[in-house]
Amino acid sequence: MLFVCKRNKIKTGLFNEYSIYKKAIKSFQELLYLSPNFTCANEVHLRLGLMLKHCGEFHIALKHLQLALLYTYPSTFSELQVKFQIAHLYETQNKHKAAKDGYEFLLKEKNISLELKADVYRQLGWMYHCVECLGEKKERETYALNFLQKSIEADPKSGQSLYLLGRCYAGINKVHDAFLAYRNSVEKSEGNADTWCSIGVLYQQQNQPTDALQAYICAVQLDKDHKAAWTNLGILYESCGQLRDAYACYLNATKQISFQKTSSLFRRKQVIRMKKDSIGLSKGLTQRIKFLEVQLSQAPLPSITSKRRTLCSIEEAWNLPISLEMNSRQQQTAQMLPRQMAKQSPVQGPPPPYPHSQLSQSPIPAKRIKEDGQQELVQHNNQTATQLHPNLMNISETLSQRNLIAMPGESKKISEQSVVDTFDDISNDIYKQNETIKLERLSQDAISNNLNEDSKHNEFNGGGSDASSDLTTTSFKIQMDSKQLMASVKLLPIDEPPVHFTILQVNAPPPSPPDCPPQKLTRDQLLPPTPSVHLENKKNAFSPQLQEFCLKHPIAVVRGLAGALKLDLGLFSTKTLVEANPEHSVEVRTQVHQSPDENWDTSQGKRVWACISHRSHTTIAKYAQYQASSFQDSLKLVLPQDESDKGFQGSQAMSDSDSKDSVSNSTNIVLKRKKNKINSKMLRFGTNVDLSDERKWKPQLTELQKLPAFARVISAANMLSHVGHVILGMNTVQLYMKVPGSRTPGHQENNNFCSININIGPGDCEWFAVPDAYWGGVHNLCEKNNISYLHGSWWPVLEDLYKENIPVYRFIQKPGDLVWVNAGCVHWVQSVGWCNNIAWNVGPLTARQYSLAIERYEWNKVQAFKSIVPMVHLSWNLARNIKVSDTKLFELIKMCLLQTLKNVLHIQEYVKSKGVEIRFNGRGKNEASHYCGQCEVEVFNVLFVKEQEKRHVVHCLSCALKLSPSLQGIVCLEEYRLSELQHVYDSFSLHRTQGLAYTQ
């Protein structure tokens, strides 16, 4: 989508919409999934990193940028420029120490360009100005001025550095120096609205209202969405007693705040990071608007005898001489653009009108302003495209100017401008010197339409061998024995590495979220009753009908389980846990307390999907103190009040006393609460308490052996018991310690395995669940709300699900209840009272479970998301350990073995052709499966490590080739003898039984 032959036409306003980013990201992800070794893969990783960084997906963006560094092929960005982007990524995440270290590392490089040096100094300077943790304020300001001046020395034409220098001078009250810096910035880049807004702030502070007015008008003419300029202009008008003008400006500011918060994921995450400022700004404006509405409704109509205005009105100010000059300069710039762009990009719209006589009506034509702003953005992008020199990569153009809002006393970081501004800057020299990199072959249609066409994979390999077509013509079937398979693999070409490896069907397309079932559901069907069963005795618990019942439904509640099996739940109470291991680690999530069916963003005043929590760590003893003190605090609130008070609903769900499940009445950890603001109350959720160590938790783990076989942590009928090593939280027990309102956000279990959850009590938990057939619909809603389905934290808005015809189970889990979450079920949970829960995963030996697991395993590859269940390793262990009588399950496992063995044989043939010796390494007992240290995909049997590396890091073949295309200096290790794998493959056959095999 981004590689087009006519690069001067790539710049369009389309890529400024997040929906278009998603299409480009999806295309690139599928491209890398189908052909990770093609010649221009480094360019794809680079662009994916920049786009994901722009969209706020920082973790995965960092992964792609680091992968882009591994390649030896020429690239759009130099190695130092990519490292600059990584350092800036850390800065954007508020990881200031890592960012500072990254910037300082770049400055030590001898071959750093002047342009990049200027960018680095600018970023460092602004960090020292903004970030308090970098030292005392006086010392930081000295460093900031020094670095910004060095940035200007390296690049005297940088208006951005001059602007930031002015901000720093203004911050230390050096008004004259600030004016000089701003004036120089305007001369270098007069189209910067932030500079004009800052000039207005200085004039306003110096009591020069007319000059301040002119500067603010220039700012909003350049950027109609500049909320700081509109707000400052409103304050200026109000200070001069011109309430109608102030009212119009405030309304414009609030509209732009609303627009900016919903325009893109990146801006939304910037708002989250600056939450206190944005909330205060929004609430303050709302209060002023309401106040002015009252004042204007009571004010008399203006007359001839009225007091003369200090400032001219907005409409008059729009036509001030300086504004006309700015307007004419913009029009001259527009005439330099291509005709087709100039026609569709009107430069200047009329000024905003005054409020109507009816104050309830909108005084500002928001729709027109929004459209004008978008058109100016399109014009700006195309203007940049025509002016960039083809051999220079000015990274400073990737730094956003709009985020540097010049409010008094406010300091914001630099963030990147639309990353698309850099996509077009591919050096002509690279293409002349490297004829094999034929990017012109890839058109927009090629990437979007031909990803699944095997016949065209060769295009993505930069004109390599016809390996893909050979793979499709060679027939690989599960009926082949290992000798036939080996003979077929030897017919495959080895001049290029294997292009693609999947454990799905041969030539299967890249996996993607499924469409929801088309059947239109009624309101009752959207709220289905939750399948539940009540156990009366041990015989019921061990009956095969119970397992069949659980496997039949997306989610099920088994009530009375603890009583029927006489489970001692007290072993998992907070008191017992503290007595056993008080210093054991607990991961803590700090969350906002809200009712279960709501998720509000207080800054926007509306329901949202984003569920924000902050991670920290403590011990069981300390969290127990918090759990106890929060309960005692709730009693202080509830006891004096009438029972109808619902300020703390969780306390009503408690049993007689919490003394059994908490320690002494310590108040060391007290939950901070503001009066009359229960909704903004923060809570701490103790999660992921690891109970895997049998030496520490033997009584607890022994007690769970009372469960029926299908629900046990370890069982021959549980796939996860055949992994051969520990996967924390999946084939081991984890504990959750909760206070009312503790949330487990929406998710599917890792690799779609089933899960078991038992409520220890004494309080209840409320569950929400969506059948797995509808997970694609939930995924689409996450994207619609600009949240990553896999990486993000989200709490669905129920009405959004109902509108999309997605049913939701909703039920209460009481103490002693077991919740069975079937494979692929989407669910989210909130505690109603004070309680503990225990949970783990199980993998029933059914075709449905295995199918969903390998589909998610492959989709995780597309998303560059690590699968913590090593499905290849697990499949080979299943083939060794069990006899399969289910035909469908057998075919799925056999296909995985076929694809894996074929890939192992092909890789070994390719490695031998490179003259690299394959050394037998073997596997230790209970040794964990291996994952690539770079891309995090599972690496089975054939491992690659760097020869001279002190700490050996395993690599897959693709990443090993990035480090060394000839594999020189790379050691190839083998875990299993080829004869052993062939024996397992040939021995795995369908087990015939006299009865009918159960298929799920």
- Query: Do you know which two heavy atoms are closest between Phe476 and Leu485, and how far apart they sit?
  - Reply: CD2-CD1, 3.4 Å

- Task: Grab the two heavy atoms, one from Ser851 and one from Leu892, that are nearest each other, plus how far apart they are.
- Result: CB-CD1, 3.8 Å

- Message: Are Val869 and Leu874 packed together at the side-chain level, in the sense that at least one heavy-atom pair is separated by less than 4.5 angstrom?
- Response: yes

- Message: Quick one, Phe28 and Leu31 - any side-chain contact, counting heavy atoms below 4.5 Å?
- Response: yes

- Qualifying residues under side chain to side chain donor-acceptor pair (under 3.5 Å), relative to His827, sequence neighbours excluded: His747, Glu749

- Measure from the side-chain N and O atoms of Asn841 to the backbone N and O of Cys754, and report whether any donor-acceptor pair falls under 3.5 Å. yes

- Query: Between His45 and Gln66, is there a donor-acceptor pair closer than 3.5 Å when you use the side chain of the first and the backbone of the second?
  - Reply: no

- What distance separates Ile714 CD1 from Gln705 CD, expressed to the nearest 0.5 Å? 6.5 Å

- Task: Applying salt bridge (Lys or Arg N to Asp or Glu O under 4.0 Å), name anything that partners Arg880, two or more places apart in sequence or on another chain.
- Result: Glu980

- Is the backbone N or O of Ser715 less than 3.5 Å from a side-chain atom of Ser721, with the two atoms forming a donor-acceptor pair by type? yes

- Message: Quick check: closest heavy atoms across Met719 and Pro844, and the distance to 0.1 Å?
- Response: CE-O, 3.2 Å

- Item | Closest approach of Cys611 to Ser793 (non-hydrogen atoms, all atoms of both residues) | O-OG, 2.6 Å

- Item | side-chain contact (heavy atoms from CB on, under 4.5 Å) assessment of Tyr850 paired with Asp886 | CA-CA 12 Å; Tyr850 185 82; Asp886 180 348; over 6 Å; no

- Strictly under 6.0 Å, is that where the ring centroids of Trp794 and Tyr789 end up? yes

- Query: Does NZ or CZ of Lys883 fall inside the cone over Phe890's six-membered ring, less than 6.0 Å from its centre and within 45° of the axis?
  - Reply: no

- Item | Note, Leu701 side chain near Val713 side chain (heavy atom, < 4.5 Å) | no

- Message: Does the plane of the ring in His779 sit parallel, tilted or perpendicular to the ring in Trp859? Use 30° and 60° as the thresholds.
- Response: perpendicular

- Step by step, work out the side-chain contact (heavy atoms from CB on, under 4.5 Å) result for Phe944 and Ile907. CA-CA 11 Å; Phe944 296 91; Ile907 289 177; 3.9 Å; yes

- Close side-chain approach of Trp876 and Leu901, heavy atoms under 4.5 Å: yes

- Task: Any chance you could measure Cys959, atom SG, to Tyr71, atom OH, to the nearest 0.5 Å?
- Result: 7.0 Å

- Message: Donor-acceptor check, side chain of Asn731 to backbone of Val726, threshold 3.5 angstrom: yes or no?
- Response: no

- For side chain to side chain donor-acceptor pair (under 3.5 Å), just list the numbers for Lys902 and Gln899, CA-CA rounded to whole Å, side-chain angles, deciding distance to a tenth of an Å, and then say yes or no. CA-CA 5 Å; Lys902 181 192 74 174; Gln899 294 279 55; 3.2 Å; yes

- Message: Show the nearest heavy-atom pair for residues Leu957 and Pro497, with the distance to one decimal.
- Response: CD2-CB, 4.1 Å

- Task: Give a yes or no answer on whether the side chain of His906 reaches the backbone of Pro493 with a donor-acceptor pair at less than 3.5 Å.
- Result: yes

- Query: Just how far is it from atom CG of Asn921 to atom CD1 of Ile918, taken to the nearest 0.5 Å?
  - Reply: 13.0 Å

- Item | Gap between atom CZ of Phe988 and atom CD1 of Ile478 - 0.5 Å precision | 9.5 Å

- Query: So how far is it from Cys55 SG to Ile25 CD1, rounded to the nearest 0.5 Å?
  - Reply: 4.5 Å

- Heavy-atom donor-acceptor pair, Asn805 side chain to Leu521 backbone, under 3.5 Å: yes

- Note on the structure: Output for pair (His64 NE2, Cys935 SG), nearest 0.5 Å, gives 10.5 Å

- Is Ile756 close to Trp820 at the side-chain level, that is, under 4.5 Å between some pair of heavy atoms? yes

- Task: Return yes when atom NE2 of His791 has more than 12 non-hydrogen atoms of other residues, nucleotides or ligands closer than 6.0 Å, and no otherwise.
- Result: yes

- Kindly say whether Phe940 contributes a backbone atom to a donor-acceptor pair with the side chain of His873 at under 3.5 angstrom? no

- Message: Run the salt bridge (Lys or Arg N to Asp or Glu O under 4.0 Å) test against Lys861 and tell me which residues pass, sequence neighbours left out.
- Response: Glu858

- Query: Short question: side chain of Ser987, backbone of Val984 - any donor-acceptor pair under 3.5 Å?
  - Reply: no

- Message: Determine whether the aromatic ring centres of residues His553 and Phe549 are separated by less than 6.0 angstrom.
- Response: yes

- Message: In the structure I gave you, are the side-chain heavy atoms of Glu855 and Asn752 within less than 4.5 Å of one another anywhere?
- Response: no

- Task: Would you check if Tyr774 and Cys516 make a side-chain contact, meaning some heavy-atom pair closer than 4.5 Å?
- Result: yes

- Task: Could you tell me whether a side-chain N or O of Thr530 sits under 3.5 Å from a main-chain N or O of Tyr809, the two making a donor and an acceptor?
- Result: no

- Do side-chain atoms of Asn757 reach the backbone of Val819 as a donor and acceptor pair under 3.5 angstrom? no

- Item | side-chain contact (heavy atoms from CB on, under 4.5 Å) assessment of Leu67 paired with Lys962 | CA-CA 9 Å; Leu67 286 171; Lys962 296 168 190 172; 3.9 Å; yes

- Task: Heavy atoms only: give me the nearest Gln813-Trp767 pair and the separation to one decimal.
- Result: OE1-NE1, 2.8 Å

- May I have all residue pairs that pass salt bridge (Lys or Arg N to Asp or Glu O under 4.0 Å) and include part of residues 923-940, sequence neighbours excluded? Lys63-Glu936, Arg923-Glu975

- Could I get the full list of salt bridge (Lys or Arg N to Asp or Glu O under 4.0 Å) partners for Asp772, not counting sequence neighbours? Arg848

- Does the pair Gln908 and Leu978 meet the rule for a side-chain contact (heavy atoms from CB on, under 4.5 Å), with working shown? CA-CA 10 Å; Gln908 288 187 344; Leu978 200 55; 3.8 Å; yes

- Message: Would Tyr985 and Thr900 count as a side chain to side chain donor-acceptor pair (under 3.5 Å) here? Give the steps.
- Response: CA-CA 10 Å; Tyr985 177 82; Thr900 309; over 6 Å; no

- Given side chains that start at C-beta, do those of Leu70 and Leu963 come closer than 4.5 Å, heavy atoms only? yes

- Task: Could you pull out all residues at least two apart from Ser482 that satisfy side chain to side chain donor-acceptor pair (under 3.5 Å)?
- Result: Asp986

